[in-house]
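This structure is in structure tokens; I'll ask about it shortly.
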Amino acid sequence: MSETNPAAAEVAAPHRYTAAVAAEIEARWQDFWDADGTYAAPNPKGDLAGDPELVAKPKKYIMDMFPYPSGAGLHVGHPLGYIATDVSARFQRMTGHNVLHTLGFDAFGLPAEQHAVQTGEHPRITTEAAINNMKSQLRRLGLGHDKRRSFATIDPEYYKWTQWIFIQIFNSWYDNEANQARPISELVARFESGERAVPGGRSWDALSAAERADVLSEYRLAYASDAPVNWCPGLGTVLANEEVTADGRSERGNFPVFKAKLRQWNMRITAYADRLLDDLNELDWPEAIKLQQRNWIGRSEGARVDFPIDGEAITVFTTRQDTLFGATYMVLAPEHPLVEKFTPAAWPEGTHDAWTGGHATPGEAVAAYRAQAASKSDVERQAEAKDKTGVFTGAFATNPVNGEQIPVFIADYVLMGYGTGAIMAVPAHDTRDFAFARAFELPMRCVVEPSDDRGTDASTWDDAFVSYDAKIVNSHGEDVSLDGLGVTDAKARITEWLQRKGIGEGTVNFRLRDWLFSRQRYWGEPFPIVYDEDGIAHSLPESMLPLELPEVEDYSPRTFDPDDADTSPETPLSRNQDWVDVVLDLGDGRGPRPYRRETNTMPNWAGSCWYELRYLDPHNSEKLVDPEIEQYWMGPRAGQPHGGVDLYVGGAEHAVLHLLYARFWSKVLFDLGHISSPEPFHKLYNQGMIQAFVYRDSRGFPVPATEIEERDGAFFHNGEQVKRELGKMGKSLKNAVTPEAICEEYGADTLRLYEMAMGPLDVSRPWDTRAVVGQYRLLQRLWRNVVDEATGEVTVVDTEPDEATLRALHKAIDGVRQDLEGLRFNTAIAKVTELNNHLTKAGAAVSRPVAESLVLLIAPLAPHIAEELWRKLGHTDSVVHQDFPVADPRYVVDETVTCVVQVKGKVKARLEVSPAISDDELEKVALADEKVVAALDGADIRKVIVRAPKLVNIVPA
Ligand code: ANZ
């Protein structure tokens, strides 16, 4: 019967599994699941409490990185991870777990806002339309989500709690002694009682309200400060470093970007640097992601060293204090606050021409260089290949180890935001210092013995000699010598010497910066913060949450002359007087007072920092999550000492920001006693990408992939030959394939199988629509093994399966179980296919237990057809909560091993036995063997030594 002629097939086989049958089955079961609440995961208490038997089972919390609902909708690349978690969740349900699996939407953000700016349409309208579209697209895939738990981050009932968490963070500080966050009220109490000295030395009572606020701001975990940021007047907004191009312009719009100091909210994530590092060790995450987090946090052990200058000191941070004797000049970041202080009025006698930048005075040179540096991003300033620029400040400092006077420069390769913003330069042993010293004709001194043949005269070298595993040379002063020591010992000795002299100390430095938390945008969570008449920030009382976004006329920030650096942002919220200026009673005993609202909004990372917690208890209006419910789903347990979601699947592009921010918020909430799990995600898995072929015409423009003809390995579009390459899938490359199109042609079960069968989940793979039919055929054969295509009757029989079928079945069960547990969906499908093919080939009617097991095996992967066949096989309950088959070990091991049987130390027989055979059974088999019986010749047996499965040694009396 031809499978390529569906019309003919329908006539001959009206009950064949076709796209039309799939469509009918799928829609019917999706409706059933919704109505039945099949995927509802009961909580131990609260409004989602249910089935105590299910709650008593071990839990599994399986989660996706939730999507941003883009107006473009989904293509087949998007749901790869969602299908994978769905298969996993279904498998875990069938292996005795109460499974929480749901999906929400990360819905604040720039695209909807930009659309609003252009069209004047409220971003909520476009966002909700996109969410609804995405929901119906996803529903068609048969994902088993507990829909009662879904929400979007833009829902006021959700962002109420995002704001609430912000307030908790604002009202806490990091107690370094206890190594945890505590309520700020405890710090105030300590200042009040004198238990802790108030910075600045005055008593707490003597400080004004504004002074107290300033002191506390230095401790709060969320604080406002004047931070240097990328200010883009042309766009009217502050930009993240990633949004600034290498030549210091905005990625969007190509406007100049300036470094400006603006008052911004920050999160003191740096307080958690050590814990964020240490706790990585307990997480089941890909090593590559852990490494990226470690590098991002960037822990460096080194020293701070004071270089005396004019009776004061410049403190540097170095990781190579062992090279102090090789420091021949110093560099300060251009923004360093001490620069003005030490810059003399005139150039010292004999200043090298190259050092002055052509300026008449050091003051002029510094001012000009600062202006130039301000227009560059940090990334750009640090670029390894970049020409080293800088100017001499006219000042000299003293190298404390040898008393040498060394010149002080400013240069943009030193960043203000790292270490102390000042370095000692060791040109012989640091690549960047070497380049700088070459450009400015500065002296170099070799203090680490080269392992190659370049010699110790650094002035003759072509590059710096960088080594952590060499001998220190040329390094002795009056009362300290490092000569002959290795790097580690030299570091230890010089650090001890610095500490003894009181001019330095060993320290740990982190690359991690505090998190810039405010945006000049409309479409984000408003800050629950108001300022009083003294400009002091107050958090709103919980009763005033959620603070909802006001309606505005204009969603865009005010823009300015692109070249006018002396402007500052005017946010969309600030133009709304009625909303901004309010009289409130904050319940702090001060009565109703006028306040001004904070008009920045939160960055769109905020909503994704804690959503895993809200899924647990999404309708709780009293708490962000009930502690007992949180403990049940996420609390620490054996093998998961920090608790967290059991499986979190998403793209590797979220290695740092999202995954670091979410970990940080968990730790704060944990410290403050709101949750029991200091880590949000115990196991993380990164799925690969679905790639697609892009076809380009002779001008390099993409042409629609659906219109391509292939002839003899070449590709044509309208007769013109085009080039094929592998790329991303998407509208712009004209190669997007929608899940609807595939569902239309084959059904959702086929799509699910195809996506899972394409390769290992963590590997990227090219989409090939022509290959999808392979999985369709598998489902057709599966159907045919259970249902008569002519009559629609079930064909299974109640006879015992033969031995070969039992082996094929139990091998499949065993393999599929392990594969699904290990997220190896592609090999699981291969095993199901093999079993199905075995049954097809056998040609006879399939015996009922085998058919039922087969249906259960495929149920996590292709749930609709499984439900349908399960029903046809006479069951009235859903397949979703059936037990997954368990393999009978007797049939799993098909290979046998050879067992040697010895009588009186001589080999008398060789037996083929199962590797799983027990000692007792093997002994019986051996004693019954003909050759053994003959060899014993009726003798009594004194001893039988059995080493199953390989050896039996019989000792006659
Ligand atoms: C002297 C030295 C000699 C250095 C040597 C390196 C090699 P990591 O490991 O990334 O922490 N440095 C310190 N503060 C800096 C800043 N604000 N901007 C740019 N560079 C800065 O790097 C620490 C090293 O980077 C420090 O150690 C310092 O240079 C430089 F053979 O000090 B070193």
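In listed order, ligands and their atoms are each counted from 1. Predicted model only: the values in this text are computed from it and were never measured.
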Row check, W610 ring normal vs R663 NZ/CZ: under 6.0 Å, within 45°: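 Not satisfied by the 6.0 Å and 45° rule.
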Option of least heavy-atom distance to atom 12 (N) of ligand 1 (set: L415, V305, I423):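 Heavy atom nearest to atom 12 (N) of ligand 1 belongs to I423.
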4.5 Å side-chain heavy-atom contact, K341 and L338: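 Yes, at least one pair of side-chain atoms sits under 4.5 Å.
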T323 contact mode with ligand 1 (heavy-atom cut-off under 4.0 Å):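 The answer is the side chain of T323.
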Cation-pi geometry met for R432 and Y413 (6.0 Å, 45°):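 Output no; distance or angle outside limits.
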Nitrogen or oxygen atoms of S300 and ligand 1 under 3.5 Å apart: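 Yes, since at least one N or O of S300 sits under 3.5 Å from an N or O of ligand 1.
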Backbone or side-chain N or O of H429 under 3.5 Å from ligand 1 N or O: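 No.
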Residue among T315, T398, V316 satisfying side chain to side chain contact (heavy atoms under 4.5 Å, CB included) with F307: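 Exactly one candidate clears the test, V316.
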R511 N/O under 3.5 Å from ligand 1 N/O: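 The answer is yes, given that R511 and ligand 1 share an N or O pair closer than 3.5 Å.
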Any N or O of D430 closer than 3.5 Å to N or O of ligand 1: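 No, since none of the N or O atoms of D430 sits under 3.5 Å from an N or O of ligand 1.
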Heavy-atom nearest neighbour of atom 1 (C) of ligand 1 within options V447, V316, T318: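 Result: the heavy atom closest to atom 1 (C) of ligand 1 is in T318.
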Min heavy-atom dist M416 to ligand 1 below 4.0 Å: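 No, M416 has no heavy atoms under 4.0 Å from ligand 1.
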cation_pi(R454, F465) dist<6.0 Å, angle<=45: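 No; the conditions do not both hold, so R454 does not lie above the ring face of F465.
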T319 touching ligand 1 at heavy-atom level, < 4.0 angstrom: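 Distance cut 4.0 Å: T319 passes for ligand 1.
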Enumerated ligand 1 atoms positioned under 4.0 Å from heavy atoms of Y413: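 Result: 18 (N), 19 (C).
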